[in-house]
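Accompanying notes for the structure given below.
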2 protein chains.
Amino acid sequence: MRKKQPVLLGIVGDSATGKTTISAGIRDILGADRVITICADDYHKYNRVERKKYNISALHPDCNFIDILEQHLCLLRAGKPILKPVYNHSTGDFDRPEYIEPKDFIIVEGLLCFYTKKLREKFDVKVYLDPEEDLRLAWKLKRDTSRRGYTKEQVMESLKRRAPISKRYIRPQRQFADIVVSFYRPKGHEEETGSNLNVTLVLRPTLRHPDFSAFLDPRPDIRERCLSISLGRDEGLPVDFLNIKGIITPMTAETLMDLIWSHLPDGIDPWDVEIGQYYEGKEKKISYPLAITQLLTTYHLLNVHLNNE
Amino acid sequence: MRKKQPVLLGIVGDSATGKTTISAGIRDILGADRVITICADDYHKYNRVERKKYNISALHPDCNFIDILEQHLCLLRAGKPILKPVYNHSTGDFDRPEYIEPKDFIIVEGLLCFYTKKLREKFDVKVYLDPEEDLRLAWKLKRDTSRRGYTKEQVMESLKRRAPISKRYIRPQRQFADIVVSFYRPKGHEEETGSNLNVTLVLRPTLRHPDFSAFLDPRPDIRERCLSISLGRDEGLPVDFLNIKGIITPMTAETLMDLIWSHLPDGIDPWDVEIGQYYEGKEKKISYPLAITQLLTTYHLLNVHLNNE
């Protein structure tokens, strides 16, 4: 049997918006052996020393081989292998390239994956991560001062320096996503960065999302507090807002996940893996809003896969 | 005006057969700004340490990303840029990849460039270098003990180890060339490695070569000693053999070169550059057989370029 065309998922968001956390869960649901994850940072044009010398941010389109990324996505989509560049975040320099053969699902996470029309056309599903800005700041501080070895001052300085570039090149990509994921802190819990975060998913009608109305109608009194769907406008256009609170009960969350899953004929058993996982230091935790976000995205990937030739 | 499709020249030959010397002269005639030279060694799959560990020779097709080379030639031919891997012969490891945009002429030199049908189809002109084996040995010893820092024993050992792989994978590519270039030493001059070498060019009718008959007929008594063309068979098929002796007079050589050139309408002035150059240590020398080989090959490249859309 001829291999099906690979399904491509693009996950775009500024630095420390949770790209890797989201994509890792999706990969676990689909099965690591069926998924290739590509970090678009690998397509940087300059290493750390050169960026400093030329005074150019890694976020800037001119600092990235956008045309080569387009070409590589095109090749992978056509079932062809690529020799992918490798940027090493530890050394700030390039390692030897890596030979990659496409698999059923290809997840591409990065800062500029929806920057050109050619790039956007490559993706079957497009997700943009847009957490509350103060929450992103907390996430970035936590990560960069622990895992990447920067001081708090360095992180703040970098954020400040990057702000105009981010605004100009990264943020405008939000409009191209099928799903916009906005985590935010519950009122009065400004210290929260984990399980109790709420999420709003902007579900654009560029994809056919599962019909949640049947599930959400019957007991609006209870569920509306933690789970709601409402029609509205985003960037001027009609969308659905799916809102999930961090304090949702496991039962309600799992019923909703079952509902999402029930739209798919068969295949993967969603309960093989614990989705919605993330780490606080070395401690593994679960977030239901995260789990539902990952599952809904996976649902779309599987749908495309089923319908692909 | 739309850019013309790039013209691709493939130069294949075993180690130390003169690939770089030939290609450097062709690049000089065409003008360095119009030429990209790619060394197919860049497409090695393993670095030096890994090749030792896996006990695999760099000459073996399995030791090279043949599929990626095919892909990259295909992209360049289509006028698209590539991110080319870079193998560093000094370190025996891979450097960061290099962004290459196609130019009018692309010269690809390597050990296995005619190994697959897909590769062969990419080239407009195919040259195979097939010097006398003892001459190649002398060239290899000279180069590898001086510029690459090996001992004589190491070079001999390497040649012995590579012989069966060379016979199996490299030599059979000879049959696919449009021009086979065989330098050889004049009888009784076994020490000769330079200007006095003779060359036989096998001119296969897969390309339309210039008509040398008018030039070669008039004074056969003098010229036949240093310059002859004769019909014959090579690998069972009809070819022309063009034989040029190293002791050819500059005047005869230059008259022949003018003849080759006269077949092209205009453009490049062949006397802008000293072709046929090579180095003995740091000393620059000229070989007329080399010059004519380079010029004839260039003639074909320019012809393809003129006729390309």
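Naming: A, B, ... by sequence-line order, numbering from 1 per chain. Atoms considered below: every heavy atom in the structure, side chains included; atoms not considered: hydrogens, waters and symmetry mates.
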Sub-4.5 Å side-chain heavy-atom contact between K126(A) and F123(A): yes
Aromatic plane relationship, Y115(B) with Y169(B) - under 30° parallel, 30 to 60° tilted, over 60° perpendicular: perpendicular
Per-residue contact mode, P97(A) against chain B (heavy atom under 4.5 angstrom): side chain
Under 4.5 Å from a heavy atom of chain B, the part of K84(A) involved: neither
Contact class of I68(A) relative to chain B, heavy atoms under 4.5 angstrom: side chain
Leading residue by heavy atom contact count with chain A [cutoff under 4.5 Å; candidates N47(B), L83(B), D95(B)]: L83(B)
Within 6.0 angstrom of K80(B) NZ, more than 12 heavy atoms from elsewhere: no
Heavy atoms from other residues, nucleotides or ligands near CZ of R168(A) exceed 12 (cutoff 6.0 Å): no
